[in-house]
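The figures that follow rest on heavy atoms only: side chains count, while hydrogens, waters and symmetry mates do not. Numbers restart at 1 for each chain; the letters A, B, ... are given by sequence-line order, proteins then strands.
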Amino acid sequence: MLKRLFPHPLLSVTLTIVWLMLVNKVTSGNLALGILLGIVIPVMTAPYWPNRPKLRAPLMAAEYALVVLWDIIVANIVVAGIVMFKRNADIHSQWVVVPLELTSPEAITVLAGTITMTPGTVSATLSADGGSLLVHCLHTDDPDGIRDDIKTRYERRLKEIFR
Amino acid sequence: MELIVATSLGGLTAAGIYLVLRLRAFPVILGLTLLSYAVNVFVFATGRLTVGLPPVLNDDASAYTDPLPQALVLTAIVISFGMTAVLVLISLGAFLEAGDDRVNIKDETTGESDA
Amino acid sequence: MDQDMTLLSELLVSVFLIVGGIFGLVGSFGLLKLKQTMQRLHAPTKATTLGVGGALIASMLYFLMIEGSVSFHELLITLFLFLTAPITANFIAKTFMQGDVPENELPQTGREFGWAVYDDPPSEEDEEK
Amino acid sequence: MITYALIFAFACFGFGLLATLWRLLAGPTAADRILALDTMVINFIALLILYGIWRGTAIYFEASMLIAMVGFVSTVAFCRFILRGDIIE
Amino acid sequence: MNHWIIAPVVLPAMVAPLIAYVMRHDIVLQRTASLLGAVLLTAVATGLFVLSADGSVHVYRLGDWPAPFGIVLVLDRLSALLILLTSVLGLIVLIHSVASGWDTRGRHFHALMQFQLMGICGAFLTGDAFNLFVLFEILLIASYGLTIHSGGKARLQSGLQYVIMNLAGSTLFLIALGTLYATTGTLNIADLSVKVREIPVEDAALVRVAAMLLMIVFAVKAALFPVQFWLPGTYANAPAPVAALFAIMTKVGAYAILRMHTIVFGPDAAAIGTLSQDWLMPAALITIAIGAFGVMGARRLMPLIAFAVLSSTGTLMLAVSAFTPYSAQAALYYLLHSTFAAAALFLFADLLLAKRRTGDLLKVAPATVQNGLLASLFFAGAIGIAGMPPLSGFLGKLLVLDALRVSDYTWLVWTVVLAGSLLTIVGFVRAGSLLFWKSTSADLAGPIEPEPEDEAPPVTKLGPLVVAPTMIMLAMLGLLTVFAGPVSRHMEATAGQLFDPSAYIGAVLEDQPDTKDLSAHGEAH
Amino acid sequence: MVSGSGLLPVMVLLPFIGALVPGLMIRAGRNACATFTAVPTVLALVFLGVMAPGVLDGGTVTAKIDWLPALGLNANFMLDGLGLLFAGMILGMGLLITLYARFYLSGDDPMGQFYTYLLLFQGAMLGIVVSDNILLLLVFWELTSLSSFLLIGYWKHLPEGRQGARMALTVTGAGGLAMIAGMLILGNIAGSYDLSVILEHREAIQASEYYLPALILILLGAFTKSAQFPFHFWLPHAMAAPTPVSAYLHSATMVKAGIFLMARMWPVLAGTEEWFYIVSTVGLITMVIGALIALFKDDLKALLAFSTVSHLGLLTMLLGLGSKMAAVVAVFHILNHLTFKAALFMSAGIVDHETHTRDIKRLGGLASLMPVTALIAVVAALSMAGIPPLNGFMSKEMMLEEVAHTHWWGGEWPIIILATLGALLSVAYSFRFIGHTFFGPVRDDYPHHPHDPPVGMLLAPGFLAVLVVLIGLAPMTFAAPIVEAAGLAVTGSEPHVHLKLWHGVTPALFMSMVAVGGGAVLLWLHRPLDRIWLSTPRPEAKVMFDALMRRVVLGSRFITEVAHNGAISRYLAIFTVATILLGYAAFQGGGMPAPTRGLLPVPPLVGVGFVLLMVATAATVTMHRSRFRALILTSVVGLMVSAGFVYLSAPDLALTQISVDTVTVMLMLLALHFLPKETPRESPIGLHIRDGAIAIAAGVAVASLAYAFLLRDIDTISGYHLANSYKGGGGNNVVNVILVDFRGYDTYGEIIVLGIAGLTLYALMEALLNGPASRRLRNWTFPPDRSRDRHPLMMVVATRVMMPIAALVGVYIFLRGHNLPGGGFVAGLVISIALLMQYMASGFAWAQDRKRFEYHSMIGWGVVVAGLTGAGAWLAGQPFLTSAFGYFRIWPFEEFELATAALFDLGVFLTVLGAVMLMLYSLSRLARYAGETVNVDPMDYDPSRREVADSEQKDAR
Ligand code: NA
Ligand code: NA
């Protein structure tokens, strides 16, 4: 019953918060409406999200978010340098294959997203069985290092979060 | 600004007409899309141009833009959407039935002489 | 004090604007400059997104500190962009691979199955194995 | 000060628009064009936000939000068209 | 305020969704609702006709907003007449569609039909120029659906052309309306009339452009040279009952010109002058000629009829083009006639095609069952559209010729109209003798080629219900002939109202007792 | 004025009512049918008889019924002497023909049809001769053309019948149309279309500058109908009709309609130089040529037909002479011609009926085989030849007498010679008719052995032959009264006719003798003359007519197929050019006030946007062959247009434009999936240049138009909307309040457009799947290099989060629309796009299986909700769509607004959502039909399943 009313509790909370952000005014009416929508919309969209992903270790999630944010900012500057000042001929792009231990689609998605958002790498495609990830590096002379970096810095943490 | 809007309109119209005069359905559809942009801007412009004065009532605004053409354009946009949808599917249907997407029809019938 | 605050906020807003602008510029410049499609994909998906992020934060700060109104819309937009950018990049990369990269130019997956663009997903029978 | 910073940002993203237009026209691959369009939309969103600051009004944010959303959907649709032909098979 | 005025719009607009969405799996229910809707519409239209017959002008202020700020509906003699015509035509065509089974050869026929009626009635009623555009679009998009009803290559190809042409027309419509708003600042027809008359001729360039563009737009709908090209292909390939209903579609264009170019851009508006008639008359003449040549040269029956309709449209517009009360009277009488005549022929064609395995190619084919019946229907229809006695076309044509006696180009006009009639008559005679006379002679019967298209299976015997609608249409022509006196008197009164728009303008703009109460709420925040 | 005026319209109506009878009676048998067909004729004759005495006394019966007073077309009837003569002929002959046809027609002929046509024709003829309104006369005139068409083509299995009928209708129809113009002019001069009024305006008419055109046009009508040269050629071809028809139409009635008309109009039109020369010349030429051709015709009916042409020429000439006496002679000869010619036609019919041939060269010697027929024929033919003491002699003598006193084209001799020649030829062919048919040796090679027909068939010609003799012997008894009455009607004065056989030794007697003698010589020389005739090349009217008709058809076809060649691109080019030219012409007719506004400044960024817009637009054109590229480029255009809207204070427009564009692009991509991906290069360079020129002209025109008004201010009605949006509509966003309130009716219409679009797409999809297109779809092959991931994992996961958020945004945009940019329409599109995202992620079919709402009913509900919201105002006695709103407070919430406009907007929302989804559904159905499979899982492969599978395997172990 409760599961039918709250198929994705986290989503419900998110939606309520998003609603309040949208209306930009925290009033009792808006809150009530936000909660209502937070309940109704997940119920309506539940058929499209049949399973409920397991999310553990909220602290780890926060840590992960900070790590990623930091990486984004730092690496962006590096990439900006490459883009602006390196001669095209000096840019050594490479494909990197990252074998995955993650199996949860949500986790894989977050990992792939993280890889893309952190500069220098773009996740291009998964293998057909979702067991490895093809990453494109803008400039590297050490593809294995990149792969190991990804596995230790992100995948390890994600394995904890989506256990 | 007025000159820019007028020129844009002219450009959109010219491009639209040129494409509408092509022989295949798809460019014709594109042409009509461009024409519909042109016409939306045209009708919108009949309220004359204003910058930064949206027609949303608020206490500190001293002037507003003319809201009526905007409402008309909104209606026109919606209608032209419905029309485009129908046009797209009819051209698809004609293509599927005829095997090509030519817009011009060649009459294959042959008549019979008088008697 | 008030004036200092204003100056500080203006400074802060300006910094974010300029940083955002620079990243935006980098993204677009990369799009022009880089020679390979996959390389070009790097620049805008990240730099431009970050650039917009800068502008959004500037805007949030501006309305918060100078206009005095709290606005979370910027946060929402940022969230949305960061959520969609990887998906977009992924799709564009695949589009490029499908059309312009033969499978044999890519490294092996190291698994039974090839890359998703070129190989069908495991079927029921595959799973039975 | 903000004004100058704004003008600088306007200039950056404005240049971005032109750059993306160039890429869109030059290609050479479909992926490049889609990428260019996607980047153009993001640049546009940035400009919209800057314009909101310039005007001191929050009225353009919904537009930005909506454009972010439809921009994403369009990009995916264009990609899917190249990838699969049918975008909603 | 009389709420019945909006009934011709709201009634089909409510019936249609019910048919489309609630009853979409039950054809019997659909038919019942659709026919009932049409009967009710006819009843309402009759009531409105009676209401307006005394010359009173009734205004319906939508949303209770005062004119010219809200949208108004205006019921006068002209709108009432055309709504009645539409509803009667619609009802008869519906009966034919049901009896012939056309409504089952594709989806959503009845819903589209109701929407089509709604759009047409709405266009006749509206007192707002932009709303006229909206209703045009409704009737057009419904007509797109109906033209391609049941699909098929030829139908889709010509349907595509029809849609493209009309989209181009709609684009121009918006440009014209934009120009009009840009020069007058209003959209209400009565208000436009006032505003246009305030514009001195030395400032009139743009408003003249607007008037001209609008006329071209309406000419597209009315199928007037040089924008008539869409008509033959569309009508010839549309399902016959749809083509029959479309008999009223060209009239919508004629109506719009009659309405806008008298009340707003009338000859008495200094800004406009004789602009309208200067261009309309030659266009109408060429249209007549093209239609007549088309009839004469036709290889197929459906195009033959379509070209005859084109020619008759030209005649109608010719009468309109003189812009005198008498010519408008002639035009209105001819309008009634040509609507029923065209519809009768298309319905007839459907009967014939149901029985002819060789399609509508004008060539010898074996005699059909009930050849005599079909031949007489064809003969009557041909007489009707060609303007021969004893049917109303002859009277209509005489009225038109008589009304145009005063023009400077009487000679040209008469020559074109009369020569056009001759070509039409001879063309129909050719077709008829091929279809019915030669077909009975065994010695000439060629081999039968089955139609390539998957057309409807031939009906073995036409039952009374299938034939009745065609006969009723023809009977209408007879009634128009017999009651030509009273009918033309009513047309005279109707035309009089058009050329003295003071009542119209007064009713819309001045006579506004109590509109929306605006004192209830405070200021904006 | 005499009594009995009520009878007159009834008399005209009788045949028309009677026309229904045969159809009903035919089941009762042929005799009953014929009998009852005769009833209306007899009744009409009785009516005529009742009115006759008064008319013979010089009176006129009139009846007036209003019909179409606006036009001056009224059912006014008038029976005077001329009318009486003709009415008597029409009805009397009608009766005889009814009788004759009963026996003539075979059992295979549809007799009911015949009698119906006959009565229709009779009524029309009767109408002509008693009309007192020329427009009414025209009505009947055209009716005779139509009904005679049916009669001539009665034997539709005969090609000659069909051709003859068409030729007759074409020629007489054309004349009739000319006559319409003539009559309209005539009425215009006289100020009335009433004949009695027109007849009083002789001076005015003849003095009018329009007299000549009117005369020519009316004469065209008369000449075509009466087969005058050069329109004479149709009459012989009409002989393909059954003989009763020929006897009725082509001797007695229809061809005389033209003569009647000339007689009718004689008082106002005759007496001028123009009349004299046109009419008498045409008559004379016709008379001679007709007689000459008749002499060499071998077909009995053709011979008679040309003799009729000749006699009609004679009548025309007489009327053309303009003297009162000549007119009276014409009237007399009309009567005489009727009697002998009808009898001859019937006799020819009998011969044909009995011998199965009408070829004079295969006949001869019939006098002994069918003596009664021969007697009748001989009497009638002698009368035709003008042999005393028969009636034909008298009128011929009188004609020659008139001719002898006529000064024509510079003297008396030309006309005397020509008239005598005509009479001479007349004698020759009359003698030949009887001589070569009935006399000479009996042959043994008749196609069918002849004998006299049944009495029924002989009655009618016999009766006529008796009349021929009686009128000849006692003209003052049998002919004078009616000829006097008719003569009075034509000439307007008492003619005092003295009809007698012997006029003494006059020039006419000499001419007559020459004619008879010459005729006999000609017949004697017939064989050599015939050889000469046959070897002489001469214009064949039928060949020329057919060639003309073929040319007209081919010409028409050429014009039609050149104009309507099926090329919409040309239609549109013409449309555009015409619009530009006409628009420019309109513009030239008025002036422009001085500009009242300055230009707004252009910041550099706007310049950038402008560059993007123009470049993208131009590139769309130059790259349009690659359809995908063009589509991307139009997206740029859309984006820039939206940018312009944002900049120019129209955020609502920007929102709407951008969301509509997205959905449109989706639809186009869906369609492009099936369509060719490239547009071939097929139009020649010239066409590109032409189109380019047209396009640039159109662009310049639209730009100038916009620029012209952008510089000029104007007062608009929208001040009211700004002022009352909040007070009266309860909303701050004026655009939205206009949409849902001020002009909610437009919006109501607009959602209906969308709903119809949804329906149409659905219906079309169904039609395609049921038609030949389905085969094409079934055989669809997809490119083999398609990407193999249909539903990639990342997209599915991202959508699961984004779709609910997007839906939330949709709700937000819906709710705020009344006060800020947004509203039901954009919200509907946003939700659609959110759903579309889902569809792209996991596929349409998969998502469709999980949907909660039927899209069809969503459209339905949308339209109904909007409609009911509008109709709800009726409950409050307000007009449709009158809005209401209020501010409410429920603890613990703050004040909120409820407005009916929101409910209306909900209708908009539902319709938009339903329509868009239904469109997508329709297109995706096509794709599935083309072989796309439906996935079971939301994503291609869920790696966590591998884990589950692994653990299960572990468990199993
Ligand atoms: Na990355
Ligand atoms: Na795959």
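- Residue contact with chain B, scored on non-hydrogen atoms closer than 4.5 Å, involves the backbone and the side chain of F:R627 alike.
- Ranked by heavy-atom pairs under 4.5 Å with chain B, the list F:T576, F:L672, F:T747 is led by F:L672.
- Salt bridge status for F:E682 with B:R24: present, with a side-chain N to carboxylate O gap under 4.0 Å.
- In terms of heavy-atom pairs under 4.5 Å with chain B, the best-connected choice from F:G644, F:A701, F:S649, F:G607 is F:S649.
- Interface summary for chain B: among F:V737, F:N736, F:L687, F:V621, the most heavy-atom pairs under 4.5 angstrom belong to F:V621.
- When all heavy atoms of F:A616 and F:V637 are compared, the pair lying nearest together is CB-CG2, 3.8 Å.
- Of the two parts of F:L777, only the side chain, counted from C-beta on, holds a non-hydrogen atom closer than 4.5 Å to a non-hydrogen atom of chain B.
- At least one donor-acceptor pair closer than 3.5 Å links the side chain of F:R625 to the backbone N or O of F:P680.
- Counted by atom type alone, F:H564 and F:Y571 present zero donor-acceptor pairs between their side chains at under 3.5 Å.
- Looking at every heavy atom in both residues, B:A85 comes nearest to F:L667 through CB-CD1, 3.6 Å.
- Contacts of F:L675 with chain B are made by both backbone and side-chain atoms, with heavy-atom separations under 4.5 Å.
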Report the C-alpha distance between B:F95 and F:F674 in whole Å, list the side-chain angles of each, state the deciding distance to 0.1 Å, and finish with yes or no for ring-ring contact (aromatic ring centres under 6.0 Å, His included). CA-CA 9 Å; B:F95 168 75; F:F674 294 102; 8.4 Å; no
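- Contact count versus chain F (heavy atoms, under 4.5 Å) is highest, among B:D100, B:N40, B:V39, for B:N40.
- For the set B:D101, B:T13, B:L96, the entry with the most heavy-atom pairs within less than 4.5 Å of chain F is B:L96.
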The test is ring-ring contact (aromatic ring centres under 6.0 Å, His included); show your working for B:Y37 and B:F42 and say whether it passes. CA-CA 8 Å; B:Y37 286 133; B:F42 186 91; over 10 Å; no
Between F:D652 and F:N733, does the side chain to side chain donor-acceptor pair (under 3.5 Å) criterion hold? Intermediate values first, please. CA-CA 9 Å; F:D652 266 296; F:N733 181 1; 2.8 Å; yes
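- With a threshold of 4.5 angstrom between heavy atoms, F:V641 approaches chain B through side-chain atoms but not through N, CA, C or O.
- The most heavy-atom pairs under 4.5 Å with chain F, out of B:Q70, B:E2, B:M1, B:M83, come from B:E2.
- Residues F:I738 and B:L68 have side chains in contact (heavy-atom distance under 4.5 Å, counting atoms from C-beta outward).
- B:T84 touches chain F through its side chain: at least one heavy atom from C-beta onward sits under 4.5 Å away, while N, CA, C and O do not.
- Using a 4.5 Å cut-off between heavy atoms, F:T716 contacts chain B through its side chain alone, with no backbone atom that close.
- Between chain B and the residues F:T656, F:T760, F:L764, the largest count of heavy-atom pairs under 4.5 Å involves F:L764.
- Nearest heavy atoms, B:L9 versus F:A706: CD1-CB, 3.3 Å.
- Heavy atoms of F:I756 lying under 4.5 Å from chain B are absent altogether.
- Within the 3.5 Å criterion, the main-chain N or O of B:L21 finds no donor-acceptor partner in the side chain of F:R570.
- In this structure, the portion of F:F610 lying under 4.5 Å from any heavy atom of chain B is its side chain and not its backbone.
- Note that CZ of F:R776 and OH of F:Y929 are 14.5 Å apart. Values are rounded to the nearest 0.5 Å.
- Of the two parts of B:L3, the backbone and the side chain both hold a non-hydrogen atom closer than 4.5 Å to a non-hydrogen atom of chain F.
- Of all the listed residues (B:T33, B:T75, B:L53, B:T65), the one sharing the greatest number of non-hydrogen pairs under 4.5 Å with chain F is B:T75.
- With a threshold of 4.5 angstrom between heavy atoms, B:I79 approaches chain F through its backbone and through its side chain.
- Your options are F:A695, F:A703, F:A671, and the one with the most heavy-atom pairs under 4.5 Å with chain B is F:A695.
- Contact annotation for B:R22: both backbone and side-chain heavy atoms come within less than 4.5 Å of a heavy atom of chain F.
- Only the side chain of F:L754 comes within contact range of chain B, with heavy atoms under 4.5 Å apart.
- F:T679 and F:H624 share no donor-acceptor pair across their side chains, judged by distance under 3.5 Å alone.
- Not one N or O on the side chain of B:K106 forms a donor-acceptor pair closer than 3.5 Å with the backbone of B:N104.
- Both the backbone and the side chain of B:L12 come within contact range of chain F, each with at least one heavy atom under 4.5 Å from a heavy atom of that chain.
- Of the listed residues B:S80, B:G82, B:P55, B:A98, the one with more heavy-atom pairs under 4.5 angstrom with chain F than any other is B:P55.
- Between the side chain of F:S725 and the backbone N or O of F:N732, no donor-acceptor pair lies under 3.5 Å.
- Of the listed residues (B:A15, B:A25, B:G16), the one with the most heavy-atom contacts under 4.5 Å to chain F is B:A15.
- When the candidates F:L554, F:D661, F:V606, F:L613 are compared by the number of heavy-atom contacts under 4.5 Å with chain B, F:D661 comes out ahead.
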